[in-house]
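Below is one structure, written out as structure tokens, with a few remarks after it.
What you see is a predicted model; the values in this text were computed from it and never measured. Note that ligands are numbered from 1 as they come in the structure, with each ligand's atoms numbered from 1 the same way.
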Amino acid sequence: MSDVVKSTCPYCGVGCGLLVEADGSGNWSIRGDPEHPANLGRLCSKGTALGETLDAEGRLTQPMIHGQSADWDRSLDVVAQRFSEIIEAHGPDAVAFYVSGQLLTEDYYVANKLMKGFIGSANIDTNSRLCMASSVAGHKRAFGADTVPGCYEDFEEAELIVLTGSNTAWCHPVLYRRIVRAKEARPDLRVVVIDPRETATCDIADLHLPLRSGTDSTLFNGLLCRLQDQGRVDRTFVEAHTEGADEALQTARCYAPSTAVVAELCGLEQAAVETFYRWFVDTPKTVTLYSQGINQTSSGTDKVNAIINCHLLTGRIGKPGSGPFSITGQPNAMGGREVGALANQLACHMNLEDAAHRDLVGRFWQAPSLASRAGRKAVDLFRAIERGEIKALWVMATNPAVSLPDASQVRRALRQCEFLVVSDSSHNDTTGYANVLLPALAWGEKDGTVTNSERRISRQRSFLPGLEAARPDWWIVSQVARRLGHAGFDYASNHEIFTEYAALSGFENGGSRDFDISALEGLSARDYDELPSLQWPVTAQQRQGTPRMYSDGRFQTPTRRARFLPVTPRPPGGPLTERYPLVLNTGRTRDQWHTMTRTGKSPRLSGHDTEPFVELHPQDAVRFGIEAGELARVRSRWGEVVVRAKVLEQQLPGSLFIPMHWNDQFAACAGVGCLINPIVDPVSGQPEFKHTPVAIEPYRPLWHGFLLTRQAITVDWASYWSRARRDGLWHYELAGEQQAESWSELVRQRLTPNLADAQWAEMFDSAGGHYRGMHIVEDRLQHCLFIGPDHRLPKRDWLVQLFAREALTRQERQSLLAGSPGRGQEDAGRTICACFGVGENHIVKAIRERGLMTKEAIGEALQAGTNCGSCLSEISQLIIEQVAQE
Ligand code: SF4
């Protein structure tokens, strides 16, 4: 047997295949699988660093009941007993599950089966509600099924790619690299980016439309009218395969009567809108990729349909190189959709509101009490908990205390929930609220299937033994189900679950449902272990899977016709006011994932952005008196955060951007969820993470500082702190409203409490408010603390490098106290290339001193950008900046 394990990346919805192998020194080598069709061997910075995230730090190591260790039997008994008591006393709708796109399909299937089929409530919702529920609802309205019509190869075949509401370069980097390569091979391939921010994705844009937040429907309504005006209606397709085109066009004309009006409403230059429309009109092979910028708004479903309308009108769907394409955020968001883990769906893409579907699933499961109506969607679910309507909650593999909007409300709900179970692999902000904590297997240990954005089912295989007490999620749920007295949960393996699920997908299907993997229902355990990746449907007729859907023009609506939806644009939920005059947008950074539970462990991923931040335009910086690099307080009606200010031309005036990743484990007050307006899309229930009215002001404490230390510590003496893992050390950024009486005493008490004779080299300037202290043991730097009256402190990256020295030279010690590198000492600067650890200063030096003026030349000289390519847009930006300075 080969020692190389084929698995799948646990991060984004691209779903890259991996080859995992022990490297002989106790570590794991993880590289892209050249045979996996999603990535063809490529990985981004996050996938490349997976090997650094496998340690046991932060893991849940044993079941706990009310903070006390317990064995599995007792813990499962308590969970079953409390759920049973609450159901008995208050009915099935008094309990709920909140699950996650991190679960494997088999886990998801069992959790959904227990709640909807046997407990008899549909109160199971997934954190995928936060990222793609609007796409699900839009697909179902247009196609009658939640089906992504195309595949990744369509990006290589397209002649125009429209990327809207998606920073593909950072959020789906490997798919972005496929587009870059396609454009390099065919320079005629045009790329349009529609996004209020000028993101890294604009690096390849032939046209960037920085539209006003929330105006996407107007832009696509205008496009729909233009397509008709220019005679681009595919009459044969529209007449034979669709319905509702006239109403959709009529409505579009009301709200987008001319390009001039569209440009005005969207805040765009008319010429730019004209160019976009002309290119779309003239290019039959067009793919429109959309993501969270479309989905995460209070009119996300309408926006999805406004996009799909344009593809239906032109018949650009189900054909190579054309189609609307929703890309998902999580590794198994699609799997969750397929098993029906959204509160308004049934298993295998069946509908809760459809009596025939309920009957079918009920008979297949032999379910005694199948849910008959939709359950609570994520935001509503946590409100119902706070009101006491839901009394028992089981959170699986997700961190709602940070990730949901109005996170303070969510924390109140978690605090007062009568009985809270959390099953997860690691501690996070939510686990602290649990009555019962259950340790689950982590990525690398668990085994099953996931589905990526192009409907491709891939195996996620285990290669680690798993912590002793940890169990697969499907096993934990099945054990509770059995204790609740339910039959149908005697699973001995994930393989048994998968084949049952495959059988249900084909049960009385006969082509009435797109999701059909019935050809896999007879898989042996061995076939399941060796299952190659396949795009559903996988049926007796299509055993090798189905790359592209709807090529025959037959959809899953009752008439088998796709539906146009008339779209009336609606403004975002919260109006701007004098008190909250700015729009807050949120999203991902290049190298972090969700709430950093895994990526926060990797020093090379943490070197890109070491601190939570807010991006704002220079005009807003002047308007609100904010200096680049200082701390800023951002407030909304729901809460506030304190983060570092980055002043950038790329940000649209009047809007701010804060990343979603930071939480209580990594910063004092940076969880952006506490700011977010909890308004949701009325159709999909998806919250509006892309538009919250906020205010910004400088935060100017008495002192600023940073600490580099080999040990993690509690910094309760600072009113602001954030921390990042660097190579062999922790990097803390600090600020405080009260001066320490003696910094010298404080460092000894907090950093070297057990070393009475610890030698600290120190420098004080009490008049200027400066302190510098460093602790060196046997010539190795252990800790250094820099304090000053403002944020202008010495560069950190150079000091981080000194921690790697086996023995500091005399000159290095002197420069440490001086706070700047001495002659011959290099400061690599902020990490730009995470794969090869290349810093900004090295790249700038190569540009200036060696005249390297292309990304390729820099790659050749420094390796930067030659692996995953995620940093290439930043390298380009550095070249542009240096040329401008020259
Ligand atoms: Fe993982 Fe990166 Fe591939 Fe996404 S693009 S699946 S994060 S390697």
Fill in: More than 12 heavy atoms from other groups under 6.0 Å of CD on E35
no
Practice prompt. Keeping waters out of it, list the protein N, O or S atoms under 2.8 Å from atom 4 (Fe) of ligand 1.
Written response: C12 SG
Fill in: Parallel, tilted or perpendicular: rings of F155 and F325 (30°, 60°)
perpendicular
Practice prompt. Please say which of W593, Y11, F463 ends up in a ring-ring contact (aromatic ring centres under 6.0 Å, His included) with W443.
Written response: F463
Worksheet entry | Counterpart residues, side chain to side chain donor-acceptor pair (under 3.5 Å), relative to Q863 (two or more places apart) | none
Discussion item. Please identify which of these residues, R588, K646, R590, meets the salt bridge (charged side-chain N to carboxylate O under 4.0 Å, His left out) condition with D609.
Written reply: K646
Worksheet entry | Six-ring centre of F666, R725 cation under 6.0 angstrom, axis tolerance 45° | no
